[in-house]
Amino acid sequence: MGGLLAQIIMKAFLLDIDYETQDNRAVIRLFLKDEDGRFFLAKDRNFSPYFYAFISGYPNEIIQSIKELDEKARIKKLEIVEKKYFKEIINVLRITVGHPQDVVAVREKINELEGIDEIHEYDILFARRYLIDKNITPMDWLEIEGKKRDEYLEVDMIKRAQGEVPELKVLSFDIEVYNPKGVPRSDRDPIIMVSLASSKGLKKVLTWKDEFEDLDFVEVLPDETSVLKRFEDIVFEEDFDIVIGYNTDNFDFPYIEKRLKALDISFSIARDGSGLKLSGRKNLPEAKIKGRPHADVYSIVKKNVKLSSYVLENVVGEVLGIQKEKIPGKKLYQYWDEGGESLRKLAKYSLEDAEVTLKLGQKFLPLYEQLAKIIGQTLHDVTRMTTGQLVEWLLMRESSLKGNIIPNRPHGSEYMARAGETYTGGYVKSPKRGLSENIAVFDFRSLYPSVIVTHNIDLSTLKMENCKENIVPEFGYCFETSSRGFIPEILKDLVGKRNILKKKLKENNDPVERLFLHVQQHALKILANSFYGYMGYPRARWYKRECAQAVASLARMYIKKVMTIAEEDFSLEVIYGDTDSLFVIVPENKRNVAIEFLKKVNADLPGIIELEYEGYYKRGLFVTKKRYALIDENGKITVKGLEFVRRDWAAIARKTQEKVLKILLKDANPEKAAKLVREVIINIKERRVKLEDLIIYTQLTKSIKSYKNIEPHLIAAKRLKDGGEEVVPGMIIGYVIVKGTNKLISMRAEPAAFVKLENYDPDYYIDNQILPAVLRIFEAIGYTRDYLREGIEQRSLKGWF
DNA sequence: CTGTAACGGGG
DNA sequence: GTGTACGTTACAG
């Protein structure tokens, strides 16, 4: 331990947190940056895992029986403490242990003891618990008092401090893999390139095939191992704070990990020198790098932008307006084999992937830095949370700080019961079917949070009987107003903070400051808007069906009222509305009426409820509730509920559907669209189609023998195997449905490579692919299956004779 | 109708 | 790691 160590006090910025085990005890590790931007590590040995038990009976007897079952002396302390649980003040038993795993070891035994009613807070991850209890947050400054040791700072005291977010170094990377069989086989197929792009301007491709004399961003190394080692070195040389990539949780990091095993080498880009920490959240893998928060931009984009496809090229096109070429995954290995110009093209493509991912990351990371700061968990974790989880971590922190016991997550039967409870959601006005022109969309987004605040909707204020005021219209129960509920209190605070930011935004002209204010208010808006969904989310700790139901009910009342005002007071036709939005016909000469309507509504609405103008559309096609398409004045098409972009649909179906939608929205000509469909049908019948447009792609997710059900891609995979092909799990099976006597579609699935143009089944493609895809749209204008087929049967009959 | 399996991104 | 997604679609039976 050494002699006397000087006590120091310093400011530090918190990037990441975890714990390590020393002498069977958990030690918190904080990954920090000092005020000069240098990384350092701090350790806190003074924090122990604990959980609570609700007791009935004599505390001393219960404590005695717990002591008796604790043979391995895991329990360090047993004490009775006063806590709040919803409205009650209760005495509970606090059980402190030495290590988080000790909680797992003792919690069930304790739960089953006589006199123990329930256990609580037994599943809160240790590092996350530390952040809550110390009231500190990642992506923010701390003041730490402790002793400086050689490798780290020993923490004695830690607390929140003030400061600006420092510049954080972001690395974006991408790997390319040799994949002659389509799916790369990690035991044989090497990583051929690692591309790096950083916020500090680094642009580099690491590879091991020497044909790059003219590309200065390429660094050629002897082999795959050297490429990975160089990747390691660069991460440490530049000491990046954040690592990002596209689909890195699911592909790049797992693949690197598998290659390390195959090559039998070590690899670390973590700040503590440890390897990658891969864990699976049931089909949703996650890669952790200690001390360097890792954000997978794919999962971030998916949560923030509604797109028809999240292929990187499409995302950067839609989100950044950058047109980027894609090398089809299947052909990638050919570029490597061909060498020369192809290889240089591959290197450029690979670097471009890392660069655009960096740009996407820089667009979204500020939002997640704010969310991390507000809810108080790491950037790594926050980027992987659903909005419900964000709300829950905020509530857990607030609840704990106020001396409350946190409610348990539902398990087994309780979850099933909740999931089975249904209630009426938002009000959806059936659309005026077909095509409409000049549509203004108004959005009601702050409706739900303000309903919760205004009506004080909370578990603790809910009153089922003897209601006199603040009654939920359709249900008769009410919410007490004498004191503010837990959730409305937090929500009011969030909304209040957001309003202050919005006010500052109005008064500020500095672009950089404005962007920062905007991101802050946006983070608060996302959180505030998630509370309603949270209360009705079956896995929520603070779930209450009656609360969610009440919010929905009151919101329906407000939106209907606004629709009535539009129609009765302003003679504006409302053609559609869903939950918090309304679609109104606003002809050119009525634009000022729409503005008056908006003013009037906002003047009348109580409190913070506000109707916003969302956008204006030239034309719209409305099919049914939640299924419509809009085209704006720039020709940009927005589609809701009609998408058919999955690879398990034949390309011909997707292409035809897209063409039909375009004709309807751009030309407003249903007959032209119907004619197009008839042409496609005839082409299919007469076999004037490309076989590749008929291929349906489905992934074989497990071995052939582990399938219980007969499925088309399974049968095709079997036939592929019988034909001598190697069939491995993960393979994408391309198949075509062929003619035959078997009535099961699956039994008529042939591997695409075995099918000739004369063999496919036209009826399947017409009835199961083309017609279902286009009928979704044609339904809206009253065109039927029969109408679309009109004139076609005769033609095919002629062909028959 | 219910139960099972697959979709997403990546190469 | 005091843990284990999600909402939706299609087909078989």
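Quick caveat, the model's predicted, so the values are computed rather than measured. To find a chain, count down the sequence lines: A is the first, B the second, and so on, and within it residues start at 1.
When each of dG1(C), dA12(C), dG10(B) is scored by its nearest atom to the side-chain atoms of Val311(A), the top-ranked nucleotide is dG10(B). Distances from the side chain of Leu125(A) to the nucleotides dC7(B), dG1(C), dA10(C) place dG1(C) closest. Among the nucleotides dC7(B), dG3(C), dC11(C), the one closest to the side chain of Tyr764(A) is dC11(C). Side chain of Val183(A), nearest nucleotide from dG11(B), dG3(C), dG9(B): dG11(B). Of the candidate nucleotides dT2(C), dG13(C), dG9(B), dG13(C) has the atom lying nearest to any side-chain atom of Ile710(A). Of the candidate nucleotides dG11(B), dT2(C), dG9(B), dG11(B) has the atom nearest to the side chain of Glu176(A). Residue Asp123(A) places its side chain closer to dT2(C) than to any other of dG13(C), dG11(B), dT2(C).
At a threshold of 4.0 angstrom between heavy atoms, the contacts of Leu332(A) are confined to the sugar-phosphate backbone, with no base atom among them. Among the atoms of the strands shown, none is found under 4.0 Å from any heavy atom of Val97(A). Across all strands, Asp189(A) comes closer than 4.0 Å to no nucleic acid atom at all (heavy-atom distances). The residue Asp353(A) sits close only to the backbone: its heavy atoms come under 4.0 Å of sugar-phosphate atoms, none of a base. Contacts of Ile327(A) with the nucleic acid, taken as non-hydrogen atoms under 4.0 Å apart, are absent. Within the nucleic acid shown, Gly245(A) has no heavy atom closer than 4.0 Å to any nucleic acid atom. Here Tyr310(A) lies in heavy-atom contact (under 4.0 Å) with sugar-phosphate atoms only. Using a 4.0 Å heavy-atom criterion, one finds that His99(A) contacts no nucleic acid atom at all. If you check every strand for non-hydrogen atoms under 4.0 Å, Lys331(A) touches nothing. When heavy atoms are screened at a 4.0 angstrom cut-off, Thr248(A) is found touching no nucleic acid atom at all. Residue Tyr246(A) is in sugar-phosphate contact alone, with no base atom involved, counting any heavy-atom pair closer than 4.0 Å across all strands shown. Nucleic acid contact class of Arg107(A) (heavy atoms, under 4.0 Å, all strands): sugar-phosphate only. Arg539(A) comes within 4.0 angstrom of sugar-phosphate atoms only, judged by non-hydrogen atoms across all strands, and of no base. At the heavy-atom level, Tyr19(A) lies under 4.0 Å from the strands shown only through sugar-phosphate atoms.
Atom P of nucleotide dG3(C) and atom CG of Asn408(A) are separated by 13 Å, given to the nearest angstrom. Whole-Å rounding puts the Glu711(A) CD to dA5(B) C1' distance at 5 Å. In this structure, the CG atom of Asp337(A) is 14 Å from the C1' atom of dG11(B), given to the nearest Å. Atom CD1 of Ile406(A) and atom C1' of dT2(C) are 12 Å apart (whole Å). Look at CZ on Arg188(A): it is 16 Å from C1' on dG11(B), rounded to the nearest Å.
Remark: Pro538(A) pairs with Tyr415(A), Arg418(A), Ala419(A) by the side chain to side chain contact (heavy atoms under 4.5 Å, CB included) rule, at least two apart or across chains.
Taking 4.0 Å as the cut-off between side-chain N and carboxylate O, Arg185(A) and Asp189(A) count as a salt-bridged pair. Using a 4.0 Å cut-off between charged nitrogen and carboxylate oxygen, Arg129(A) and Glu121(A) count as a salt-bridge pair. Lys290(A) has no carboxylate O lying under 4.0 Å from a charged side-chain N of Asp16(A), or vice versa, which leaves the two without a salt bridge.
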Given ring pair (Phe, Tyr, Trp, His ring centres under 6.0 Å), test His294(A) with Phe173(A) step by step and report yes or no.
CA-CA 11 Å; His294(A) 164 220; Phe173(A) 83 104; 7.3 Å; no
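Using the six-membered ring where Trp is involved, Tyr52(A) and Tyr50(A) have ring planes that are perpendicular, over 60° apart on the 30 and 60° scheme.
In this model, a side-chain donor or acceptor of Asn250(A) finds a partner on the base of dG9(B) within 3.5 Å.
Residue Tyr537(A) has a polar side-chain atom (N or O) positioned under 4.0 Å from OP1 or OP2 of dC6(C). OP1 or OP2 of dG11(B) has at least one side-chain nitrogen or oxygen of Tyr349(A) nearer than 4.0 Å. Note on Ser746(A): every side-chain N or O is 4.0 Å or more away from OP1 and OP2 of dC11(C). Phosphate contact (OP1/OP2 of dT9(C), side-chain N/O of Trp649(A), threshold under 4.0 Å): absent.
With C1' as the reference atom, dG9(B) and dG3(C) are 23 Å apart, rounded to whole Å. Taking atom C1' in both dC6(C) and dG1(C), one finds a spacing of 22 Å when rounded to whole Å.
Of the nucleotides present, dC1(B) is the one that pairs with dG13(C) by Watson-Crick or G-U wobble criteria, both distances under 3.5 Å. Across all strands shown, dC6(C) forms a Watson-Crick or G-U wobble pair, both distances under 3.5 Å, with dG8(B).
Counted by atom type alone, Asp296(A) and Ser299(A) present zero donor-acceptor pairs between their side chains at under 3.5 Å. In this structure, a donor-acceptor pair under 3.5 Å is absent between the side chains of Asp174(A) and Tyr246(A).
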